[in-house]
Every structure is written in structure tokens, then in C-alpha cells.
Amino acid sequence: MYADVAFPIKLPPLTYKLPVVAPPDMEGRIVKAPLMGKSRYGLIVAVTDNPDFKGKDIKAVQDIRYHFVSGNGIKFLKWISDYYLAPIGIALKSGFFEEAVKSEVSGQYPAVGEKIKEKKYETFLFHAPSIHAEHAQLKEFLNSDVRGVIILAPEINEIERIAPDLKKIFGERLCVIHSKLTKAKRTDAVKKIISGESDIVIGTRSAVFAPLKNISLIAVLGEHSPSYKAEESPGYNARDAAVMRGFIEKACVLLSSVSPSIESVYNAKIGKYTTLNADSHPETKRPRIKIVGENRTKGKASTIAGEVLKEAKNTISKKGKFLFLINRKGYSLIRCEDCGHTVQCKKCGIPLVFYKAKNAVRCNYCGLEKNIPESCEECKGFAMKPAGTGTEKIKEEVEELLGTKTLLLEKERSLSPSPLPLAPDILPFVVGTTYAAKKLRDEKFDAAALFNIDQTLSQPDFRAYERTFQQVTQIAGTINPDGSLFLQTWNPKNRILRFIKNYDFHGFYDYELSQRKMLDYPPFSKIVLFNISYKKGINLSDDVRNMIEAEEIKGLEVLGPVEIPPILKSYPRCIQILLKSKDSRILHSYARRLLDKLEKIKDVKINADVDPLKV
DNA sequence: AGCACGCCGACT
DNA sequence: GTCGGCGTGCTC
């Protein structure tokens, strides 16, 4: 007997010999096996009589340990590996394998014999009228005899908000998993799950891999959130993975959000998901959304529109709280008034941000900081002036025009988990990025103004409208239901803004779905994005083009290759290819083959992103 | 992941 | 000349 062993590294499973007297249930067991002269722990993912590997000496496994992954668990890991075009070892790494190796579990077999209730797979989509309603719906799915639950939250903040309530219901059965846990704490949590001591898991995206023996419910809060997409290999989307895991485990899946994703709404429309309606939460009052035209007066006009200022003054007199939001850090950008060129980071190719207090420009990507260039690198002119608006400038304007101090709140680079500033009690005027809105969600501001909705709307990405809608809905949730949210725009007649103003989700979904259908974008097609980094010298672009042209596939669209700025150091060039198809099987088999071919080329690094969020 | 091998820059 | 930096390749 032979076993295919996956190691938690970028490597396909390797074949090892099993001892003659091996326990019967080898699949899913942790084993020690020799690898490059050392021994390492891996997981048996398959058992065979005649191995594929035709090498001369097949080594034997050295130690057989406990049964960590069930048959369903292996199915899930294989799905992740297959669907996201990553070696199973990398999926295993995401699946808490290293923590499991450290866990000494008493008794080799999982506790069987526990009566498992008759289970059926079903995914529900709940479009929540408020965060409160979203939590209430989750609690309806949870009663104290429910066994085996995974609750996913998009961010750690969110976990901290719900965990205390769950602790009250489940006590020691509850366990928290997220990336900010120390190694020891994470191992502890995994241990508790494996031993069965803990069967209610709440966590961020990685918790979808929680090694529960039985799962009856997987809940995904804020299911639209881009945080569910892992950047690092295997680039999984935890929401989609949750649905697949639920399907495999015959569990119930609850997707919920105050602004569900287009994909999920579509899946509900075609009957893949069951819609839960919000009847039990009638007439939810929401803050009024006001669309305000930008100040069109030339010259020294302020960024903040008159109507917003008026409301802000009103808020002061009522001793209320006002939130000013703009998704751009720093004071402004620096632009040449002669030719319109914006000062950019040479390395990263993105605009450098002007910080007034430091009197310097800085790249928010690589951290480069330098003095403001005196002359334009394009036209050599000397008309370098601040242009555009960031948080610092809004802060300056608010303080000047309203004669009040404000708190600036934005996400700092590599900031250790910051304590929640209780400033709104002391400083009722807060300026910040949307990070501030999230952080201060429970403060219930009386009003808020968002200044850069036009940029959000005009991002060159097919999901720009969807993201804008979600962002505004999110911000609206942080405002008093009697309050107002001002959206400043150059295009007050914009169609999307009108949907937003009226909280017209149905109108928006219908419109957006018709657009996506017309242009063959997801959810009407599936996409895979390839980034191919390579060294100078090779004419890769042509090679790839030939490779693609060698094989024309019906029902598959190949866009590119296009040259993009390099993403990896020591690989100075990069090209991008977008694969698109209505048939996900065609797409996947082609993507797989293309990836295999490309990986054989020397001096080339490939990154394949399945279902990318940013295109 | 780790470990060996190999190819270019600094230095006894 | 060679010591050693890390970038690349291989592991049943």
C-alpha cells in the first residue's frame, strides 16, 4: 500500500510506502515522512495499491499519527486546490495543518457514535436592513443545541462586537480564530476544536477551514466584503468556500449583509440560494441621503459645499456629532499647473501624497518620502501646486470654517491594533477615511458627508458601482436613523446616485445585472487573471501570445497579454492575461493547462487569480 | 519550507 | 584567486 502525502508547502503530494500493518482509515491522517533527508509532517490525501510515481526508491512513512481531516475535509481541500489553481499543500497550510501537528490529541480516532442529525445542504441569503437585524438573524439560526458552527466575519472588529453575545450562549464551546492571534493562541484554538471541546467557531476568512468534525451551520456575515478574498495563495474567497464547504458537509449556509454582493443576489434569483426576507424587521428607518452638487465657484471656494456647512453648524448648535469622510490620506496631491502632470512615485507609479505638516510628499505604497519637487519632471515648469483633497485638507477646512477642533482618524501604516478612540465624546467632529466610519460604527453620528464618491464611482473596474453602493450603505449604517448623509458630487444626476439616495436596492440590482449581462461580466461569466512576471531578455509576450493562439477554445475569451508595471522585485517586467468564459469548466481546464505550460518556462513567475475582485 | 547548488561582487 | 550574498531548483 502506498500513500499520497501532502506537505504544507508549495508542492504536489508525494508517494510513500505504508507499513503492512497500517490502521484502516489512513486518508486524512497526519504522518511523518522523509523529505530531502529530513523528516517532515504531512497529510495523507489518498491511498493506492499502484502509485503514479515511477521513481526508483519510494520511501516509507516514519510515523502515523492521528486522523485530522475527514473524507469531506479532504474533498474540501482538494476543491480549494483545484478551483484556485494552487497545490493542495498550500490549501493544507491555510487549513491549520501546522497547528494540528503541534496538537497532541488523545485517542487516535475522532469521537464517532455521536448521533448526527439528518442534515441537508441549503444556502440562505439574507439582505439585512441593518447590522442589528443581521446579528438578530444569525441568532435565530443559533440555538443552544446546535452543534458544529462556523461564523465568518469580515474583520476582527466585527468579531469583537458579536463574540461577547455568543459567549453568553455557548460559553467555553465558543472559540475565536483570526490572523492577529499569536501562534500559541491559534494552536490552542485549533487544539480545542480538534478535541471537540469547542464546536462554535467565529473568525475571519481563514476560519472557513476550522477543523470541525461535524458542521451544521456556516454563517458569513457581511458576505459582500472584499476582505473574504485571500491575497496570498490559494487566493480563496471565504464566502464562496463557505458555500462549497456547506455543500460538501451537507450543512446549512447563511450569507447575510446590509448590501449583498451582485453575485449572491444573482444566485438567489436563479434559485441557487434561498432568499430570507426581512419581514420580521419592518420599517427600518434609515438616515436621509442628500446628493449635493460640488461648489462650482472658481477660485477660493471651499471643498465643503454650503449645504453641508450649514448642517455642520446646525450640528454644533445641537451638540451633535458629525463625520467627514474622504478616502484619500494626506493633504492633497501635487500637480504641475502648466502641463497637468501629477507628481508620482517612480518605483510604484502611483501619485505621491502631499503631507502639509511635514511639508513633504510620500508614497503611501512603498513609504518613500521626499521634498516637494520644485519643477515638473515632464515640462520642467515651476508651477507645482497642491491639487485634489485629502483628509488633512478637509480637517483644515472644517476647523477654519466652523471654528472647532476635529479628530483625524485614518488607518496608519503598520499600526498595531489601535484602541478604539473614544474621542467623539470629547471631539464631536471627526475627519477620516472610511476606515473611521468602520471604527466608529457604534458612535451613531448625527450626520456625515462623503466627499469623493465620484472617484469611487469612476474606478476602472466593473465592480465600481457595486462597491460604491456598498460603501454608502455601510456608512449610512453608522449614522443616526434621523440623521443625514451628504454625498458631494459633480454629477448630481448620476443614475447610480439616484438608486443610492432612495436605498433602491432592487432598482440597482436590476440595472447592474442588466449591465453585467450585456458585457458578459460576472456573474454571467467567470474570470481568471494571470500575472506573468519575467526577467528582461526573453521575449515572453510573443511566446505567450503564440501559446494562446496555438489553441483556440470555443466559449473562451482571452484578453491580453498587456504589459503592466512590475509586481515582483528582480522580475522587472510583467504581463497580464485575463481569461473569461461563461462555462467555468472550460475556463478551469484551460487555465490549468496554461498555468502548467507557463510554469515550465525558466525565469518566469506566475500568479493566477481565480475570481479576482479587482480587474 | 528547507537545503544544495551556482553565479557575480568585495576582499585577504 | 576565494568567500559569501541570495536567487533558483528539487524534494517521493
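The structure displayed is predicted, hence computed values, not measured ones. Throughout, protein chains are lettered first and strands after them, A, B, ... in sequence-line order, and every chain is numbered starting at 1.
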Measure from the side-chain heavy atoms of A/Ile9 and tell me the nearest of C/dC12, B/dA1, B/dC3.
B/dA1
Between atom [atom1] in [X] and atom [atom2] in [N], what is the gap in whole Å?
{"X": "A/Gln62", "N": "C/dC12", "atom1": "CD", "atom2": "P", "value": "11 Å"}
{"X": "A/Asp4", "N": "C/dT11", "atom1": "CG", "atom2": "C1'", "value": "15 Å"}
{"X": "A/Leu35", "N": "B/dA4", "atom1": "CG", "atom2": "P", "value": "13 Å"}
{"X": "A/Lys17", "N": "C/dC12", "atom1": "NZ", "atom2": "C1'", "value": "11 Å"}
{"X": "A/Tyr534", "N": "C/dT8", "atom1": "OH", "atom2": "P", "value": "16 Å"}
{"X": "A/Lys32", "N": "C/dT11", "atom1": "NZ", "atom2": "P", "value": "22 Å"}
{"X": "A/Phe7", "N": "C/dC10", "atom1": "CZ", "atom2": "P", "value": "18 Å"}
{"X": "A/Met36", "N": "C/dT8", "atom1": "CE", "atom2": "C1'", "value": "13 Å"}

Judged by modelled atom types alone, do A/Tyr83 and A/Asp611 share a side-chain donor-acceptor pair under 3.5 Å?
yes
Do A/Gln474 and A/Thr434 have side-chain N/O donor and acceptor atoms under 3.5 Å apart?
no
Test A/Glu99 against every option in A/Lys192, A/Lys93, A/Arg186 by the salt bridge (Lys or Arg N to Asp or Glu O under 4.0 Å) rule and name the one that passes.
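When A/Lys192, A/Lys93, A/Arg186 are each tested with A/Glu99, the salt bridge (Lys or Arg N to Asp or Glu O under 4.0 Å) holds only for A/Arg186.
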Are any of A/Arg40's side-chain N or O atoms less than 4.0 Å away from OP1 or OP2 of B/dG2?
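Looking at the OP1 and OP2 atoms of B/dG2, one of them is under 4.0 Å from a side-chain N or O of A/Arg40.
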Applying a 4.0 Å non-hydrogen cut-off, can you work out what [X] is touching in the nucleic acid: base, sugar-phosphate, or nothing?
{"X": "A/Tyr571", "answer": "sugar-phosphate"}
{"X": "A/Phe53", "answer": "base"}
{"X": "A/Leu11", "answer": "base"}
{"X": "A/Lys38", "answer": "sugar-phosphate"}
{"X": "A/Pro8", "answer": "nothing"}

Ring-ring centroid check A/Phe7 A/Tyr41, cutoff 6.0 Å:
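Judged by ring-centre distance (under 6.0 Å), A/Phe7 and A/Tyr41 do not meet the cut-off.
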Assess whether side chain to side chain donor-acceptor pair (under 3.5 Å) is satisfied between A/Glu172 and A/Ser198, documenting all intermediate values.
CA-CA 7 Å; A/Glu172 286 308 303; A/Ser198 187; over 6 Å; no
